[in-house]
Structure formats: structure tokens, C-alpha cells
Protein chains: 2
Amino acid sequence: MDDITDPANLPRRKLSREERRLQLIEATISVIAENGFARTTLGEVARRAGLSHGLANFHFESKEKLLAATLDHLSDEYRANWQAALAVAGPHPADRIAALIAADFAPVICTPDRLAAWCAFWGEAQSRPLYQAHCGSNDAEYQRLLDGLCRELLALGGYPGDAVRMARVLRVTTEGVWLDLMTMQAPYDRDEALATVWAVAAAFFPRHFGPEGRLTV
Amino acid sequence: MDDITDPANLPRRKLSREERRLQLIEATISVIAENGFARTTLGEVARRAGLSHGLANFHFESKEKLLAATLDHLSDEYRANWQAALAVAGPHPADRIAALIAADFAPVICTPDRLAAWCAFWGEAQSRPLYQAHCGSNDAEYQRLLDGLCRELLALGGYPGDAVRMARVLRVTTEGVWLDLMTMQAPYDRDEALATVWAVAAAFFPRHFGPEGRLTV
DNA sequence: AGATTCTGATTGAACTGTCAATCAAAATGA
DNA sequence: TCATTTTGATTGACAGTTCAATCAGAATCT
């Protein structure tokens, strides 16, 4: 048949291996966000990517591995985002804490689809050790970093309190407002979510943070 | 524990309708906690309850309705717990806030199985409106109550800040440490979790709360 | 009380649909 | 040509649902 001139069968095999994988991963995020984890099927993922379902198994071997790769992707993306934010932040611990907080609300990361997918993975993580390691709360590097910054700022500002607990509150507050944005029927907006985290920072470090974030000296 | 939920004593036609429903719901919580939401089957629920799988459909019509009833049960239980705690608390807003916080860490509520089940429902709630309404963040009564208490305490103590945001931080910090207890590979214990919430209260209301909780005047 | 009838809880096998995985053939690119 | 990618039909397993048969206990009757 003459398919060369037919625009209907144009877009075959134009993406590289890595691009195809990414395309399937993005479709997976989208399906998880819309249908939830339990109702995510390879068929729906393939359909949304405009591909046949056999391809998912070709590129990922199994559904399980596709899901694991999807979580990996989200995890890498999240880490790259805060590391980039940190790279352009000043050396003062308050500046670095502010950068980390703000990074979590960057439009690239804080997308409805992505938040929903994170949420779904959290829900399943407890029963699947494979996922558990990649979930946010287990990023040891991030936690050590935030712990250290809080300790520095505590010493610098002469604040009372426990650095590890403060770091934990900052982290879980961010996760918590994320969860609110996903699960509430009438949620507040992203700015209000960020303001809520600033309220925590301001309560812990009142001379360095205010309701709008980092206080400029 | 309950003799109802113990499969050891094989109950052949001894339990009432309501008791049987409860038994199946408890089995469902257990299976969700162990296998996750996506891998929860009627067969496994029935096996764990020591009953045939046809019975689950007899009592609940469908798997979907069994899951909804399970969430309902968790939701009712949660509400009953904080309402009971509030009933025996003093009239001072700080005492009532302290009672609400402590209630969330009561051994009856703060059980591995129950936390895991909550977690799983959160993960699916975004894609299922039926669940969404019953998830913690949507308990309007609880939120209005906590908002009001924070507003009172703010006025009473002459503290600066936004009452609604403070109430939100207290709530999401609790949810957040719950999530930590579930999803972290090496989590801290329940006391440390509670202490983390006290740290927030102490930061917001330093003359009414300390690292150990409510300050006695 | 004892026998009979009634109710509805319970079982387990059969049915149905769905989904992940497989594979052979076709299309594509080098 | 040869290797790689893509398709789509097929397969096998498994889960949810249905249903006819069973059975224990309650209610009713004699």
C-alpha cells in the first residue's frame, strides 16, 4: 500500500528509544492522576500515548517495571528541581531554606497530574518496598541537608528548639498542603499553600522569615 | 482484641448482621494495610475473615461498596475519637487544642493497620469522588472547630499570625508525621511524632505550649 | 413441649469480563 | 539485507459477580 504519501500513517517510529520511554512514562503519570493507581492499565496508558499496548511491555518488560520507572522519573525530576534552586541560592542558611521551600511550589513540579501521581504512589508505597525507597520522605540527602540548614540557622539566630523536628515540620507541612491540594473538595490555591509554609518558617525563625517568605535585612 | 475479628474461633452463623459487616470491614482494613489498595481482592478479605467470598457481596452488594463502607467506618471512628477527647477537655482553647492533637495519637487510632489504610484511601481519593468526601481533610466540622480554637487562643494570648493557616499547619503536620510513620523505611516512634506536633504548637503559642505539650500555668 | 414452617445467612461453583503478557508478522531505519 | 521497533491478535490467569442449594436459628402452630 502506498503509505508514504498518506498523512494518516505519518508518525511512525520517529522517536528514539529514550524519548519513547519518556512518552510512555508521561502517559502513565496522566493515567494514574486520572484513574488512580488501582485502575491504571497498560491498555489505557498505551491509548493515551497513541501507541499499541504491546509497546509498553517491549520497552519496560512488565507493568510493574513501568510503574517503578515512572516513580523513578518523578523522583529524579523532584531532586533535580531543588538542586537547581539551591545552586542559585545565596550562602545564608535562611536563603537556602527559602530556596528549598519555594522550589517545592515551582510550576514544573507542583502540577495537578504530578501531585496526584505522587499521592497515589504514597498510598501504595507502604505495601511495596520497591516504591518505598523512592518516595519523598526517604530522600536521605534532602533530609540531612535541611536538618543541617535548620541547625545552622538556629545557631546563627540564637533560636530555641530542636533542629531535626523543625526540619521535619517544614518538610511535612509542604507534603501536607500538597495532599490538601489533591484531596480537598474545595482546596485553596498554590499561593495560599506556600503562605502556609512561610507561616511555619516565620514561627520558627521570626527574624529571618515573615508571612511573605524570607525577610530582607 | 475483638473475638469477632479473630478467625480462630470459627463462627458458624453466630454473628448478627451488624457484627458480620464489622468483621468484614476489619478484614478489609487488614488486607489494604498489607497488600495495598490495588492488590486488595474480595477473596483475600474473605479468607482473612474465615468466610466465603460470596458473603462479602451478600453483605455489601459489591466490592466498591465494601471499600466505601470501610472508609466510612474509619471516618466515623476517627471522629468519635476526637469528639470524646474534646468532651473531657477543659474550656480553655489551649486545652482543647491539646486534646485534639493528643487524640490523633491515641493507640486506638494510631495503629499501623489503620494508618496504612488511611494512606491507601488518600492515594485513591483524588480519582474517586465517592472517597474524597470522607477523607480527613474534608471534615468541615473539625476544621471549623480548630480554626475557631486557634482564633480564640490568638486573641487570648495576643499572638500574631493567621489563625486559619495555623490551624492548617497543625492539621497537616499531624497528617504528615502519620505519613512518615507509614512510608519511611526507618521511621521515628509515636512519641517523637507527637513531640513534632508540640514543637509546632510551641512555636505558634509559646506561652501555652512547650516541647512536652500544654504548659500548665 | 415438640413439630413444622419460615427467614435469611452462607456456601461454592459457574459465568463473565478484564488485563498483563506473549508472539508472529509487518513496518521501519541503517 | 539485517536489526530494531511496532502492531494487534491471542492466550491464560485471575477477579468480581451471580445464583441455586444448603443450613441454622427464629417464629409459628398443634
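In the text below, chain A, chain B and the rest are named by the order of the sequence lines, each starting its count at 1.
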- request: For G54(B) and for T41(A), find the nucleotide of DNA chain C with the closest heavy atom, then tell me which residue's nucleotide is more 5'.
  value: G54(B)

message: Nearest whole Å is fine: how far is dG16(D) C1' from R47(B) CZ?
response: 14 Å

- line: In whole angstroms, the gap separating P of dC19(D) from CD of E61(B) amounts to 14 Å

- prompt: Checking all strands, does L55(B) fall into the base, sugar-phosphate, or nothing category for heavy-atom contacts under 4.0 angstrom?
  reply: base

- line: To the nearest angstrom, the CZ-P distance between F58(B) and dA21(D) comes to 17 Å

- prompt: Under 4.0 Å: is that the gap between some side-chain N or O of R39(A) and OP1 or OP2 of dC19(C)?
  reply: no

Spacing of L51(A) atom CG relative to dA26(C) atom P, expressed in whole Å: 21 Å

message: Between R39(A) and E44(A), does any side-chain N to carboxylate O distance fall below 4.0 Å?
response: no

- prompt: Taking the six-membered ring for Trp, are the ring centroids of F37(B) and F37(A) within less than 6.0 Å of each other?
  reply: no

statement: H53(A) NE2 to dT18(C) P, in whole Å, measures 14 Å

query: Please give, in whole Å, the distance from dG16(D) C1' to F60(B) CZ?
result: 16 Å

- prompt: Of the candidate nucleotides dA21(C), dG16(D), dC19(C), which contains the atom at the shortest distance from the side chain of L42(B)?
  reply: dG16(D)

query: Between N57(A) and dA21(C), does any side-chain N or O lie under 4.0 Å from OP1 or OP2?
result: yes

message: Using a heavy-atom cut-off of 4.0 Å across all strands, would you classify S52(B) as base, sugar-phosphate, or nothing?
response: base

- request: Would you please confirm or rule out a distance under 4.0 Å between OP1 or OP2 of dT6(D) and any side-chain N or O of H59(A)?
  value: yes

field: Difference in axis direction between the ends of the helix from dA1(C)-dT30(D) to dA30(C)-dT1(D), five pairs, 10°
entry: 10°

query: Can you find a side-chain donor-acceptor pair between T196(A) and R165(B) that sits under 3.5 Å?
result: no

query: Between R168(A) and E175(A), does at least one N-O distance fall below 4.0 Å, as a salt bridge requires?
result: no

task: Quickly work out the K65(A) NZ to dA21(C) P distance and round it to whole Å.
output: 10 Å

- prompt: Y142(B) vs Y78(B) aromatic rings, parallel, tilted or perpendicular, using cut-offs 30° and 60°?
  reply: tilted

message: Just the rounded figure in Å: distance from P of dT10(C) to CG of L24(B).
response: 9 Å

Presence of salt bridge, D180(B) and R171(A), under 4.0 angstrom: yes

field: Under-4.0 Å salt bridge between R128(A) and E64(A)
entry: yes

